[in-house]
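Notes for the one structure printed next.
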Amino acid sequence: MSFTYKYPRPCVTTDNLIFRKIDGNWHLLLIERGNEPFKGCWALPGGFLEMEEDLDTCAARELQEETGLTGIELHQLYAFGAPNRDPRHRTISVAYWGIDNSERQAVGSDDAAEAQWFALDKLPSLAFDHEQILQKALSNYEVNKVLTK
């Protein structure tokens, strides 16, 4: 498929908030960015939508590519579209959330230098607007219902 546009268009990404209960406490899966912008900073696993791909497929693919995790039921949370959320260009991100009840190891790969679980009360600072995405998730009724069990 070929696309030629007279006017600029935004890019679309997906970001994943994956939660896991470890030793009785909820943790969030983060990746250490291997590339600029924010190289070396922690972020939600995610990335760019491919032209022939739907959003759900993109979220699952990016999660697998950056962490090795598959088979997690992902739920669409919200779209984030502030004009300057990505310093490279205009980017709109659709955030997803899910619960990983397995004990599989997450391994950073593709453009993620590392993947690691962090306790929700001991998170590092996050790249892009990922703190805002996390706060939106934590205030979401469905997410909150799961995390307060």
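Side-chain atoms are counted along with the backbone in the values below, which use heavy atoms only and exclude waters and symmetry mates.
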From [X] atom [atom1] to [Y] atom [atom2], the distance as rounded to the nearest 0.5 Å:
X	Y	atom1	atom2	value
E142	L147	CD	CG	11.5 Å
Q116	Q105	CD	CD	11.0 Å
L17	H75	CG	NE2	12.0 Å
R9	H89	CZ	NE2	16.0 Å
E65	L63	CD	CG	10.0 Å
T57	E50	OG1	CD	10.0 Å

Co-membership, hydrophobic cluster, residues [X] and [Y], 4.5 Å side-chain:
X	Y	answer
L44	Y78	yes
L77	L123	yes
L30	L69	no
I92	F38	no
I72	F19	no

Nearest heavy-atom pair of [X] and [Y]: which atoms, and what distance?
X	Y	answer
I99	N101	CG2-OD1, 3.3 Å
R61	F48	NH2-O, 2.9 Å
R33	A127	CD-CB, 4.2 Å
A115	T67	CB-CG2, 4.2 Å
A112	E66	CB-O, 3.6 Å

Chi angles and distances behind the side chain to side chain contact (heavy atoms under 4.5 Å, CB included) call for F118, H27: CA-CA 5 Å; F118 287 87; H27 287 64; 5.5 Å; no
Sub-4.5 Å side-chain heavy-atom contact between R85 and I133: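 They are in contact (side-chain heavy atoms under 4.5 Å apart), so the answer is yes.
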Test item: F128 and C41 side chains (from C-beta on) under 4.5 Å apart, heavy atoms: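 Side chain of F128 against side chain of C41, heavy atoms only: no contact under 4.5 Å found.
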Evaluation steps, side chain to side chain contact (heavy atoms under 4.5 Å, CB included), between W117 and D100: CA-CA 11 Å; W117 295 98; D100 181 20; 3.8 Å; yes
Crowded around [X] [atom1]? As in, over 12 foreign heavy atoms under 6.0 Å?
X	atom1	value
E36	CD	yes
K21	NZ	yes
E53	CD	yes

Backbone N/O of G68 and side chain of R104: donor-acceptor pair under 3.5 Å: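 A pair under 3.5 Å: no.
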Derivation of the side chain to side chain contact (heavy atoms under 4.5 Å, CB included) call for L29 and N16: CA-CA 9 Å; L29 180 61; N16 293 292; over 6 Å; no
CA sep, side-chain torsions, deciding dist, call: W97, L138, side chain to side chain contact (heavy atoms under 4.5 Å, CB included): CA-CA 10 Å; W97 69 277; L138 295 176; over 6 Å; no
S93: which of T14, T13, D129 passes side chain to side chain donor-acceptor pair (under 3.5 Å):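 Considering T14, T13, D129, a side chain to side chain donor-acceptor pair (under 3.5 Å) with S93 is found only for T13.
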